[in-house]
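See structure below.
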Amino acid sequence: MTEMNGQYVNEEAYNRMKKKYKAAGIVLLVLGVIIAIAGITLTVMGMTNMQFGDAKAPVGMILTFVGFVALGTGLMLTLRANQRALAAYQAASVAPVKTDTINYVGQNVAPTVEKVTEAVAKGINNATNQSFCPECGQKLPKDSKFCPFCGKKLN
């Protein structure tokens, strides 16, 4: 057994299931294509020979429908069999992009946030006629050149 995302997975059972899904998926894909081609062919032949009372068109349409259903089911089974590999590929390809995006936003947003914070602090200071440290936010004594709490030099 292998641990995966906090759950234990029986690798042997998983591999058996994967082989069954993959085999059934491939068989249904091939059959779906063959049946769909036969159905389309019969439909076209039936429509060209309709004036002779030929009943190939409805049979062809039914075969086409069945072929496409088999094709879709085969595709779903094949995708299900390869779900773990697809998820691992997706996680590996998305993770670097997510990290780069977060770093980019963090680096470019930080200066703007600092400017907004300073502007808000100045607005509060002007509105209340009291001074607050832009670094730690503590109330400052009048005419301070340095914050007595954090030591930041003041303008």
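If you're wondering where the values come from, they're calculated on a predicted model, not measured in any experiment. Atoms considered below: every heavy atom in the structure, side chains included; atoms not considered: hydrogens, waters and symmetry mates.
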Exercise for review: Would you check if Pro134 and Thr117 make a side-chain contact, meaning some heavy-atom pair closer than 4.5 Å?
Suggested key: no
Point to revise | Side-chain heavy-atom pair Met61, Leu42 within 4.5 angstrom cut-off | key: no
[X] and [Y]: which non-hydrogen atoms are nearest, and at how many Å?
X	Y	value
Phe132	Leu140	C-CD1, 3.7 Å
Thr41	Ile37	OG1-O, 2.7 Å
Ile40	Phe68	CD1-CZ, 4.4 Å
Phe149	Cys136	CB-SG, 4.1 Å
Gly39	Leu63	CA-CB, 3.6 Å
Ala81	Tyr21	CB-CB, 3.7 Å

Can you list, pair by pair, the side-chain donor-acceptor contacts under 3.5 Å of residues 70-80, counting residues two or more places apart and other chains?
from  : atom 1 : to    : atom 2 : distance (Å)
Thr73 : OG1    : Val69 : O      : 2.8
Thr78 : OG1    : Gly74 : O      : 2.8
Arg80 : NH1    : Gln83 : OE1    : 2.2

Revision key, fill the gap. CD of Glu118 to CD of Glu135, rounded to nearest 0.5 Å, is 9.0 Å
**Study point:** Cys150 SG to Gln138 CD distance, which is reported to the nearest 0.5 Å
**Key:** 8.5 Å
Practice item. Mark yes when over 12 heavy atoms from residues, nucleotides or ligands other than Asn108 sit less than 6.0 Å from its CG; otherwise mark no. Key: yes
